[in-house]
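To start, the structure itself, in structure tokens.
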Amino acid sequence: MEKELTAFLNYRKRQDLFRKTKEVTKLGSSRIKVGGCIYCDLSSNDYLGLSSHPKIKASLQRGADVVSASSASALVSGYTDIHCKLEESIADFKSKEDAIVLGTGWQTNVGVIDALLSAKDAIFCDRLSHASILDGARLSGARLFRFRHNDSDHLRTLLKKHRGKYKKAMVVTESVFSMDGDLAPLEDIVEIKKDFDFLLMVDEAHATGLFGENGAGVVNEKKLCAEVDLIMGTFSKALAGFGAYVATSKKIKHFLVNACRSYIYSTALPPALVSSNLESLEIVQKERHRADELLKMVSIFRKQLEREGFQVKGSTQIVPIILGETKKVIEVSKELQSKFWWVVPVRPPTVPKNISRIRISLTYDHDLEQLNRFKEDLIRSVR
Ligand SMILES: *Cc1c(COP(=O)(O)O)cnc(C)c1O
């Protein structure tokens with residue numbers, strides 16, 4: 001065992017793929033302190049800057065006033081009145097009949113996919129799908145087909161060839177992709193649904209709070225709420241909380257309450273988090289200027305990078321700047337860190353070889369003047 005672990009770790013080191021955690025002190029929503037130095041955080045998912053919102057902090061306190069923990073799973077006694085209210089609010093927000101709230105996004109994708117599919121079934125996932133979606137697929141035992149990223153023609157071809165051999169089928173995609181920052185062709189996938197029988201699940205982890213009417217997400221923006229059977233999302237990104245959910249039909253929700261193991265065998269979210277999740281749902285709907293201003297800044301900054309000749313993927317607040325070789329990306333991110341920009345290199349196995357990148361995420365707490373300085377430093381460090 002010992003030998004095997006050492007060999008694995010040494011291999012990772014030789015390939016520049018060795019990872020370790022770094023201790024960070026948060027100094028507000030866009031500044032962090034690491035190893036005694038203060039950085040501008042360009043890696044955060046706190047897109048709307050809600051993590052330092054006074055109303056969210058107050059709601060955490062309110063939620064913990066009586067007890068600090070739910071101390072049981074939902075089916076035992078962990079499902080309180082505010083858990084119920086949170087599910088109703090999510091269902092409303094996402095324009096679905098009902099919703100179910102779970103511990104994390106990872107738990108949600110793994111548990112929901114595993115519950116709905118078995119070895120007789122097939123699952124078709126975008127090739128860039130989040131690890132939790134693939135883990136759910138593997139755990140379920142369903143046959144896994146991966147279609148080329150955002151390639152709905154490839155999805156159609158795979159369905160044509162294989163759908164008939166399996167009992168149930170599911171198609172899963174993200175709406176905003178976490179590594180490429182681009183949008184899925186949801187209209188095309190919904191069109192394909194007219195010709196093949198499958199459940200459609202969309203992960204809106206990076207879209208919720210930003211896109212669509214009131215921040216409800218891309219599925220809402222494209223008016224496809226009725227066609228998407230399971231709209232999944234997390235509270236841990238733009239909503240600056242913790243936990244996740246699936247908005248779906250009443251029937252599927254009841255099924256999940258009875259069959260989703262990561263729901264049944266895990267403690268319900270603590271009341272403080274439920275309370276802050278409720279508050280952040282209100283804030284994203286009331287304070288639309290946060291998303292509006294952020295998305296305006298995103299579009300200006302992306303154009304500026306392109307004008308400088310950078311290869312930038314996608315179209316959203318997630319801005320992947322492709323630099324190629326893993327070594328180069330590591331060098332550039334070290335250089336940028338020495339100038340107090342907190343950026344992390346994204347490299348294999350997270351993304352394919354040779355398209356390693358610096359992935360920055362823009363938030364409401366950044367401004368264009370600051371991003372301009374970042375751009376100048378980036379230009380200097382790639383040369
Ligand atoms: C972050 C993320 C998850 C996992 O959510 P957690 O609440 O952090 O476990 C799932 N899907 C996507 C696309 C994500 O980006």
Side-chain angles (χ1 to χ4, degrees), residues 21 24 43-48 50-51 56 86 90 94 99-115 123 125-140 146 149-150 170-184 186 189 200-212 215 217-219 228 230-248 260-263 266-270 272-274 276-277 280-281 313-320 344 346 349-351 357 359-363:
T21 48
V24 162
S43 70
S44 165
N45 298 324
D46 181 18
Y47 302 126
L48 301 175
L50 296 189
S51 71
I56 301 251
L86 180 60
I90 280 289
K94 294 282 180 176
I100 176 170
V101 169
L102 293 94
T104 65
W106 192 85
Q107 237 175 295
T108 304
N109 281 336
V110 169
V112 168
I113 295 170
D114 173 52
I123 180 166
C125 300
D126 186 285
R127 197 164 278 169
L128 292 192
S129 292
H130 192 263
S132 55
I133 295 171
L134 298 173
D135 288 349
R138 288 200 189 97
L139 184 63
S140 74
R146 298 172 79 178
H149 177 53
N150 280 348
M170 194 182 212
V171 171
V172 190
T173 183
E174 293 172 33
S175 58
V176 169
F177 278 86
S178 54
M179 281 305 140
D180 279 23
D182 52 358
L183 298 170
L186 292 180
I189 296 177
L200 177 56
M201 177 166 176
V202 177
D203 180 335
E204 297 234 68
H206 294 278
T208 303
L210 280 81
F211 299 94
V218 178
V219 174
V228 178
L230 300 124
I231 308 176
M232 179 272 178
T234 67
F235 294 108
S236 51
K237 290 181 173 137
L239 298 180
F242 197 76
Y245 55 84
V246 168
T248 185
C260 176
R261 297 173 65 83
S262 62
Y263 179 74
S266 190
T267 301
L269 275 190
L273 289 172
V274 176
S276 88
N277 292 342
S280 63
L281 278 182
K313 279 187 169 251
S315 61
T316 65
Q317 80 281 9
I318 297 167
V319 184
V344 282
V346 181
T350 311
V351 295
R357 62 198 66 184
R359 170 196 183 273
I360 62 171
S361 43
L362 308 191
T363 75

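Count residues from 1 along the sequence. Atoms within a ligand are numbered from 1 in the order they appear, just like the ligands themselves.
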Enumerate the atoms of ligand 1 whose separation from the nearest heavy atom of [X] is less than 4.0 angstrom.
X	answer
Gly105	4 (C), 5 (O), 6 (P), 7 (O), 9 (O)
Trp106	4 (C), 5 (O), 6 (P), 9 (O)
Asp203	10 (C), 11 (N), 12 (C), 13 (C)

Task: Asn109 and Asp135: side chain donor to acceptor below 3.5 Å - done: no
TODO: Quick one: do Ser51 and Asp46 satisfy side chain to side chain donor-acceptor pair (under 3.5 Å)? Show the steps, please.
DONE: CA-CA 7 Å; Ser51 71; Asp46 181 18; 2.5 Å; yes
Proximity of [X] to ligand 1 by residue part, where a heavy atom lies under 4.0 Å:
X	value
Thr104	both
Asn109	side chain
Gln107	neither

Open item on the list: Tell me the protein heavy atom at minimum distance from atom 2 (C) of ligand 1, and give that distance in Å.
Closed with: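 Closest protein heavy atom to atom 2 (C) of ligand 1: Lys237 NZ, 2.4 Å.
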Task: Check: Phe177 ring centroid to His206 ring centroid under 6.0 Å - done: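 No: the rings miss the under 6.0 Å criterion.
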Task: From Ser236, Ser132, Gly241 - option closest to atom 8 (O) of ligand 1 by heavy atom - done: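 Closest candidate by heavy-atom distance is Ser236.
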Open item on the list: Just to be sure I'm reading this right: ignoring hydrogens, which of Glu174, His206, His130 gets closest to atom 10 (C) of ligand 1? Compare them by their nearest heavy atoms.
Closed with: His130
TODO: Hey, could you give me the OG1/NE2 distance between Thr173 and His149, rounded to the nearest 0.5 Å?
DONE: 8.0 Å
Task: Ala244 touching ligand 1 at heavy-atom level, < 4.0 angstrom - done: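 So Ala244 does not count as touching ligand 1.
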Open item on the list: Pairs of nitrogen or oxygen atoms closer than 3.5 Å, one from Ser178 and one from ligand 1: do any exist?
Closed with: no
Open item on the list: So for ligand 1, is Ala205 a polar contact partner (N or O within less than 3.5 Å, distance only)?
Closed with: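 In this structure, Ala205 places no N or O atom under 3.5 Å from an N or O of ligand 1.
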- [ ] For the pair Ser236 (side chain) and Phe242 (backbone), establish whether a donor and an acceptor sit closer than 3.5 Å, ignoring hydrogens and angles.
- [x]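 It does not hold such a pair.
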- [ ] May I ask you to decide if Gly111's main-chain N or O and Gln107's side chain share a donor-acceptor pair within less than 3.5 Å?
- [x]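 No, Gln107 side chain to Gly111 backbone: no donor-acceptor pair under 3.5 Å.
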TODO: Over all heavy atoms of both residues, which pair between Thr363 and Ser44 is shortest? Give the atoms and the distance, please.
DONE: CG2-O, 4.1 Å
TODO: Carefully, step by step, assess Thr208 and Lys94 under the rule side chain to side chain donor-acceptor pair (under 3.5 Å).
DONE: CA-CA 9 Å; Thr208 303; Lys94 294 282 180 176; 3.0 Å; yes
